[in-house]
Amino acid sequence: MLTTNPFEDDKLREECGIFGVSGADGAAALVALGLHALQHRGQEAAGITSFDGHAFHTHRAMGHVAGNFDRDEVIRGLPGNVACGHVRYSTTGETSLRNVQPLYAELASGGFAVSHNGNISNAMRIRRDLIRSGSIFQSTSDTETIIHLVATSSYRTLIDKFIDALKRLEGAYSLICMTPEGMIACRDPLGIRPLVMGMLGDSYVFASETVGLDVVGARYIRSIEPGELVIVKGSEISSHHPFRPQAPRPCIFEYVYFSRPDSISDDRSVYSVRKAIGAQLAIESPVDADLVIPVPDSGVPAALGYAQQSGIPFELGIIRSHYVGRTFIQPGDQIRHLGVKLKHNANRALIAGKRIILIDDSIVRGTTSLKIVQMMRDAGAAEVHMRIASPPTRHSCFYGVDTPERSKLLAATHDVGEMERYIQADSLGFVSIDGLYKALGHDGRPAASPGACDACFTGDYPTTLTDQDESTPIDQFALLEERVS
Ligand code: SF4
């Protein structure tokens with residue numbers, strides 16, 4: 001797979017990006033542009049649904065936005081001035097076209113399309129209950145539970161049915177939905193996954209990140225608040241807060257890695273936060289060295305912050321090729337190894353004989369860190385010190401991020417000394433959890449109310465995790481058999 005990060009096979013992966021436009025001619029073309037800017041949030045598949053005032057139109061495809069939605073005939077097949085779209089990896093649900101969003105269903109009230117970023121952590125429980133009472137699911141996506149809950153709600157209006165459905169969900173969801181009456185954008189009560197709103201002339205635009213607004217020329221207005229529903233009907237917009245207020249817990253990993261550095265996340269510049277994390281890392285984990293070198297591209301802002309704070313020169317010691325595609329990613333160990341070298345290469349003339357500090361955003365399995373350290377040694381580095389711009393990732397995410405099972409996370413089974421030996425670095429250091437919060441402008445991690453989800457570092461999950469806690473995991477195919485018998 002062609003990825004935006006050459007080391008992405010050993011990164012946590014954000015699962016989805018969503019984008020919606022209401023009230024603009026050629027809405028689908030704008031959504032395609034917006035999704036292109038959000039491609040880093042999901043590169044497995046993409047889809048767009050439009051509404052032309054009479055009918056809904058959908059195109060979904062495996063692969064990138066470019067190559068699928070840059071063709072005139074595809075965009076011409078998505079008429080109307082309202083459209084929403086989705087880019088995805090999969091966490092819940094298999095990899096197949098039937099799970100590609102937006103998902104669409106004909107309800108009693110008319111068509112209903114939904115694009116979802118996040119993960120419903122009680123989706124399997126809800127699905128089991130719905131199947132037992134007669135619902136038939138078309139996909140294995142957790143998002144489809146939302147459609148079934150709306151369809152089976154006993155409330156009268158579509159909005160009430162929708163709110164009724166949301167109140168049964170647990171976990172993370174930022175949603176952009178379309179009905180014949182308009183567009184609904186909402187964020188779960190804790191605001192775990194991001195969603196922002198902008199304006200393009202008189203049109204409303206919603207996106208996972210502000211870079212999506214930038215690319216279509218929309219003006220950033222604000223983040224959708226945790227627990228807020230924004231409803232757009234024609235030129236009218238209204239805001240609703242149907243949930244009991246709770247202290248927000250937006251994902252702190254958006255600042256560490258997921259969001260693009262040129263995005264604004266909950267009114268903070270992601271780039272500035274990453275630099276501040278790097279500066280904090282230099283304070284907490286100093287080392288005498290000649291050069292600060294980022295692991296491209298995600299380590300760059302933190303490396304700049306580390307270099308500025310420490311006074312050690314920042315240099316590009318790993319050069320990344322921008323022209324590596326899937327053609328070169330072949331099975332077979334020898335070719336795969338060469339593929340890694342095609343994607344990035346040591347800047348040998350710079351590194352030879354130097355004591356270097358490598359800055360990366362995180363360590364997941366550790367396999368890539370080991371390769372990079374080795375690459376630096378092969379290029380002649382005298383010492384290789386690794387510094388990580390996040391605390392050790394010790395826990396899995398259940399909120400829409402693709403994490404390996406806990407036992408595969410290096411930090412879940414190794415302390416920092418053992419990790420240092422595993423990746424064969426001369427030293428290894430992580431920013432502390434308090435340091436991460438300091439980079440966000442706090443005095444440290446507020447113990448009573450952290451203000452962010454940091455569960456992959458702390459294990460402090462902000463919601464119950466019903467499906468994880470089920471003593472007997474629910475097998476959806478067994479459930480289907482059970483229903484038939
Ligand atoms: S567990 Fe980690 S990656 Fe998942 S939402 Fe929380 S902070 Fe983000």
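Predicted model only: the values in this text are computed from it and were never measured. Each ligand, and each atom within it, is numbered from 1 in the order the structure gives. Scope of the values below: all heavy atoms of this structure, side chains included, with no hydrogens, waters or symmetry mates.
Under the salt bridge (charged side-chain N to carboxylate O under 4.0 Å, His left out) criterion, Asp262 pairs with Arg260, sequence neighbours left out.
With respect to the salt-bridge test (charged N to carboxylate O, under 4.0 angstrom), the residues Asp443 and Lys438 do not qualify.
A donor-acceptor contact shorter than 3.5 Å is absent between the side chain of Ser362 and the backbone of Ser390.
Listing protein N, O or S atoms at distances below 2.8 Å from atom 4 (Fe) of ligand 1, with waters left out, gives Cys397 SG.
Among residue pairs with one or both ends in residues 263-281, those qualifying as salt bridge (charged side-chain N to carboxylate O under 4.0 Å, His left out) are Arg187-Asp266; sequence neighbours excluded. Each salt bridge (charged side-chain N to carboxylate O under 4.0 Å, His left out) pair with one or both residues in residues 420-435, not counting sequence neighbours, appears once here: Arg377-Asp426.
Residues Ser432 and Glu284 have side chains that bring a donor and an acceptor to within less than 3.5 angstrom of each other.
By the criterion of a heavy-atom distance under 4.0 Å, the side chain of Arg193, and not its backbone, is placed next to ligand 1.
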